[in-house]
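One structure is given here, and the rest of the page talks about it.
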Amino acid sequence: MQTCAARYLIFFQYAGTKYSGVMKAPDHQAVEGVQNHLEKAVQKLKPVNEVSFAISSRTDSGVHALCNSAHVDIQRRGDKPPLPEQDLVDALNFHLKSEPIRRLNINAMQEAAALLLGTHDFSTFRALNSETPFKNPVKTLDLAQLDPGLSFSQRHFHRDIQFWELTFKSRSFLYRQVRRMTGVLVAVGQGRLSIHQIQELLEARDSLAFPNNMTAPAHGLFLTNVGYRDADLSPNVMD
């Protein structure tokens, strides 16, 4: 049986957050590489040969790529001519859409954020450390605001990627309070927590009641501003 083979140079981009890197991960590994998904997409085109991508540039776990490249050989059965380039691009994009970015329920997040506003005992939203016994857990949250944002990468990615900014304002925060509040609000947006559960967490007033693995990572957190009143600058003020 004759087969018709062709080699393709493919350029692709990815947000690497949920991948183990670009290189193919073994079957027993829970988190896959970008290459795993590329090869699965080509296999759906039913080539005769075993598909293997030769990746040009390795990227590590969590690293993004605005433009990476690889070549792949595709053999078609019988007298079928090589797949036209644009047909291959369209087919791969179609099959890779089975990996959608999870959308957030922004209205639910805003409703949950409103529950955090005002003066509360935020014990559930602090992580324990050596200073815990000496810090008052009662804080006043003046602002918990969710707005559309713009990342540097958005203008480079050829797909609709949501980017949102959460802004919190308070006189002071407890240890990891902002990261914990962010984590639960994102969980609400993803449907993993309900708005009622946010209220229950507030009322629990217990750091150990906070769900495991729900604290937002530090790399998305920015200190944007520190404000002072004239009275704060007086040498006679002790706080």
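Keep in mind the model is a prediction, meaning the values are calculated, not measured.
The local environment of CD in Glu50 is sparse, with at most 12 non-hydrogen atoms from other residues, nucleotides or ligands closer than 6.0 Å.
Distance alone, capped at 3.5 Å, places no donor-acceptor pair between the Asp87 side chain and the Pro84 backbone. Without hydrogens or angle criteria, Ser207 side chain to Arg126 main chain gives a donor-acceptor distance under 3.5 Å. Proximity of a side-chain donor or acceptor of His64 to a complementary backbone N or O of Gly16 within less than 3.5 Å is detected. Panel note: side chain Ser170, backbone Thr140; a donor-acceptor pair is recorded below 3.5 Å. Put simply, the side chain of Glu200 never gets that close to the backbone of Gln197: no donor and acceptor are under 3.5 Å apart. Looking at Thr132, its side chain never comes within 3.5 Å of a backbone N or O of Leu128 through a donor-acceptor pair. Side chain of Gln75 to backbone of Ala5: no donor-acceptor contact under 3.5 angstrom is found. Side-chain atoms of Asp60 never come within 3.5 Å of backbone atoms of Val63 as a donor-acceptor pair (strictly under, hydrogens ignored). Side-chain N or O atoms of Arg179 include one that pairs as donor or acceptor with a backbone N or O of Ala216 at under 3.5 Å.
With values rounded to the nearest 0.5 angstrom, Leu117 atom CG is found 8.5 Å from Asp142 atom CG. Separation of atoms OH (Tyr14) and CG (Leu66) is listed at 10.0 Å; rounding is to 0.5 Å. Rounding to the nearest 0.5 Å places CZ of Phe222 at 8.5 Å from CD of Glu165. Rounding to the nearest 0.5 angstrom, the gap separating the OG atom in Ser57 from the CE atom in Met23 is 10.0 Å. For the atom pair Asp206 CG and Leu201 CG, the distance stands at 10.5 Å (nearest 0.5 Å). The NZ atom of Lys97 sits 12.0 Å away from the CG atom of Leu92 when rounded to the nearest 0.5 Å.
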- Would you check, one step at a time, whether the test side chain to side chain contact (heavy atoms under 4.5 Å, CB included) holds for Asn225 with Lys169? CA-CA 9 Å; Asn225 185 48; Lys169 180 180 179 181; over 6 Å; no
- Evaluation steps, side chain to side chain contact (heavy atoms under 4.5 Å, CB included), between Arg180 and Phe210: CA-CA 8 Å; Arg180 284 193 169 200; Phe210 192 82; 3.1 Å; yes
- Item | Audit row: Asn105, Val188, side chain to side chain contact (heavy atoms under 4.5 Å, CB included) steps and yes/no | CA-CA 8 Å; Asn105 184 336; Val188 168; over 6 Å; no
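Connection of Leu115 to Ile106 is established within a shared hydrophobic cluster, with ILVMFWY side chains joined at heavy-atom distances below 4.5 Å, either directly or through further cluster members. A continuous path of ILVMFWY side-chain contacts below 4.5 Å connects Val226 to Leu233, so both sit in one hydrophobic cluster. Hydrophobic clustering (ILVMFWY, side-chain heavy atoms < 4.5 Å, transitive): Val89 and Leu38 are in distinct clusters. Linking Ile, Leu, Val, Met, Phe, Trp and Tyr whenever their side-chain heavy atoms come within less than 4.5 Å leaves Leu96 and Val31 in two separate clusters. Tyr175 and Val178 sit in two unconnected hydrophobic clusters of ILVMFWY residues. Membership requires side-chain heavy atoms under 4.5 Å apart, directly or through other members.
Nearest approach of Val72 to Ser52, heavy atoms of both residues: CG2-O, 4.0 Å. Between Lys139 and Phe173, the shortest heavy-atom distance links the atoms CE-C, 4.5 Å. Closest heavy-atom contact between Ser123 and Pro137: OG-CB, 3.2 Å. Between Gln35 and Phe53, the shortest heavy-atom contact is NE2-O, 3.1 Å. Considering all non-hydrogen atoms of both residues, Gly33 and Ala25 come closest at N-CB, 3.8 Å. In terms of heavy atoms, Ala112 sits closest to Leu185 at CB-CD2, 3.6 Å.
Annotation: side chain of Leu88 is in contact with side chain of Ile74 (closest heavy-atom distance under 4.5 Å). Contact annotation: the side chain of Val138 never approaches that of His120 to less than 4.5 Å [non-hydrogen atoms, C-beta and beyond]. When side chains are defined from C-beta on, Ile55 counts as touching Phe12, because their heavy atoms get closer than 4.5 Å. Between Leu116 and Leu202, the closest side-chain pair of non-hydrogen atoms falls below 4.5 Å. Looking at Phe168 and Leu141, their side chains come closer than 4.5 Å, going by heavy atoms from C-beta outward. Put simply, the side chain of Leu83 reaches to within 4.5 Å of the side chain of Arg76, judged on heavy atoms. Contact annotation: the side chain of Glu203 never approaches that of Thr124 to less than 4.5 Å [non-hydrogen atoms, C-beta and beyond]. Considering only heavy atoms from C-beta on, Phe11 comes within 4.5 Å of Leu9 through its side chain.
Residues Thr59 and Tyr19 bring no donor and acceptor atom of their side chains to less than 3.5 Å of each other. Neither side chain, Asp27 nor Gln29, offers a donor N or O lying under 3.5 Å from an acceptor on the other. A donor-acceptor pair shorter than 3.5 Å can be found between the side chains of Asn68 and Ser56. For the residue pair Glu111 / Asn107, no side-chain donor-acceptor distance below 3.5 Å is found, with atom types taken as modelled. Gln43 and Glu39 are not linked by any side-chain donor-acceptor pair at a separation below 3.5 angstrom, with hydrogens and angles left out of the test.
With respect to the salt-bridge test (charged N to carboxylate O, under 4.0 angstrom), the residues Glu32 and Lys40 qualify. Using a 4.0 Å cut-off between charged side-chain N and carboxylate O, Asp73 and Arg7 make a salt bridge.
Remark: Arg176 is not positioned above the aromatic ring of Phe125, lacking an NZ or CZ atom under 6.0 angstrom from the ring centre and at most 45 degrees off the axis.
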